[in-house]
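A quick write-up on the structure given underneath.
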Amino acid sequence: MITTDVLIIGAGAAGLMCAAQAGYRGKNVVVVDMGKKPARKVLISGGGRANFTNEGASPENYLCQNPHFVKSALSRYSAQDFIDLVDRHGLQYHHKTLGQLFCDDSAQDLVDILMTECEWAGVQVNLRTEVLSVTKNNQGYLVTTTDKSYQCKSLVVAAGGLTMPKLGATPIGYKIAEQFDLNVLETLAALVPFTLHDHDKQRFDGLSGISLLTEVTSEDGTSFKENILFTHRGLSGPAILQISSFWRAGQAVTINLLPEHNLSDTLTQWQSEQGQKSVKNLLATLLPKRFVEVLVKDGIIADKPIKQLNHPEIKQLSDYLHAWQIKPNGTEGYRTAEVTLGGVNTDELSSKTFESKKQPGLFFIGEVIDVTGWLGGYNFQFCWASGFACGQAV
């Protein structure tokens, strides 16, 4: 058996950040992870380039049953703090739209930085190590793994959520929480593509790969103005991934297919300037031609000269394209989801230290808790912030 000050379950973004911080404070730290490599989700995120933070990260960019919970950690470890860290290591990165930062070369560069920090801080990282049981005793916590047993004063659960099971995602974090009588909220796949009902799939068969700028709104009124992408199975793209966190089974989403136009005015203008041209050919200058053809086939777009459209037809077409309603069949689930919605109830934890209010010495950080960021680097920023806060406390 190995005795250590801090044992961290999970060598992901939050776990490694916490480990380095605790190690620099002179704590004896061991990290265990069942994977062959550390930070596997970091490695595949952002198309292999890791969208590692967002310059605009603020509490408004997170879903949590307690909207105030994230404020303390985010204020104490900001996006700029993490940028300063990677700058010190000479990471080459670039800015994309909406405050997103990506590695220039590979997410491996970012993982190397995290592992270097752990090495400098004297942290031991044990991979291919599965946790079998956790028990509380007078000295703290006894953790039995496939490799050996660990006695620790502080136990940090940074085991992630249920997303991407192929990478080894398991519910162990939730099980440990429940074992110690912490409330775990229902979990759902989030930042995930939608699948469509068979009749819609047939309608849009052949549109796979088409992308267009839209504004997508959920039934609760949340909206995102970004691209959607037609896929073989349904709808994806940034706007769909964003809205999926706010969508529930059975609900519809409303998609403004022309957020940059007032279609009523445009159609009226076309009538006076290009009256002989067909409605479908003119609309194909604003929308993908293949999509227009589907709507012609469905009878939504009239196959006639634009001058023949009357006012009710103009209003009907404009209303349809500015508020296209579609009811997803479901989502692609944890297999392709970027994060898990729900998890350990934040009411059970200190927002300053992430320690359990019921179980001294037991901490939960990162995706395992009920904090879900928007798409665009926000989830990693919460991992860095929660890992930092916890690392200062263990």
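Just so it is clear, the model here is predicted, and its values are computed rather than measured.
Around the NZ atom of K201, the shell of radius 6.0 Å holds more than 12 heavy atoms that belong to other residues, nucleotides or ligands. Applying the 6.0 Å contact sphere to NZ of K153 captures no more than 12 heavy atoms from other residues, nucleotides or ligands. The local environment of NE2 in H232 is sparse, with at most 12 non-hydrogen atoms from other residues, nucleotides or ligands closer than 6.0 Å. Counting heavy-atom neighbours within 6.0 Å of K357 NZ, excluding the residue itself, gives a total above 12.
The side-chain contact (heavy atoms from CB on, under 4.5 Å) test with C152 singles out one residue from D5, V29, T4, and that residue is T4.
How far OG1 of T231 is from CD1 of I210: 12.0 Å, rounded to the nearest 0.5 Å.
Relative ring orientation between F180 and Y141 is described as perpendicular, the plane-to-plane angle rising above 60° on a 0-90° scale split at 30° and 60°. Taking the six-membered ring for Trp and thresholds of 30 and 60 degrees, Y93 and H95 have ring planes inclined between 30 and 60 degrees apart. F224 and W374 have perpendicular rings, their planes meeting at more than 60° on a 0 to 90° scale where under 30° would count as parallel. Between W384 and F82, the angle of the ring planes stays under 30°, which puts this pair in the parallel group of the 30/60° scheme. Ring geometry for F102 versus H94: interplanar angle under 30°, hence parallel rather than tilted (30 to 60°).
Ion pair E60/K71 not flagged as a salt bridge, since none of the NZ, NE, NH1 or NH2 atoms sits closer than 4.0 Å to an Asp/Glu carboxylate oxygen. Using a 4.0 Å cut-off between a side-chain N of Lys or Arg and a carboxylate O of Asp or Glu, D104 and R49 do not qualify as a salt bridge. Ion pairing between E260 and K225 holds under the 4.0 Å rule for side-chain N and carboxylate O. Using a cut-off of 4.0 Å between Lys/Arg side-chain N and Asp/Glu carboxylate O, E367 and K41 are scored as salt-bridged.
Of the N and O atoms on the side chains of D265 and T268, not one donor lies less than 3.5 Å from an acceptor on the other residue. Side-chain atoms of D147 and T129 include no donor-acceptor pair closer than 3.5 Å.
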- Query: Would D220 and T222 satisfy side-chain hydrogen bond (donor to acceptor under 3.5 Å, both in side chains), going step by step from the backbone distance to the final call?
  - Reply: CA-CA 6 Å; D220 74 354; T222 305; 2.9 Å; yes

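The backbone N or O of P259 lies less than 3.5 Å from no partner atom in the side chain of E215, so there is not a single donor-acceptor pair.
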Can you give the donor-acceptor pairs under 3.5 Å from side chains of residues 282-294 to other protein atoms, not counting sequence neighbours?
unit_1 : atom_1 : unit_2 : atom_2 : d
T285   : OG1    : L282   : O      : 2.4
R290   : NH1    : G206   : O      : 2.4

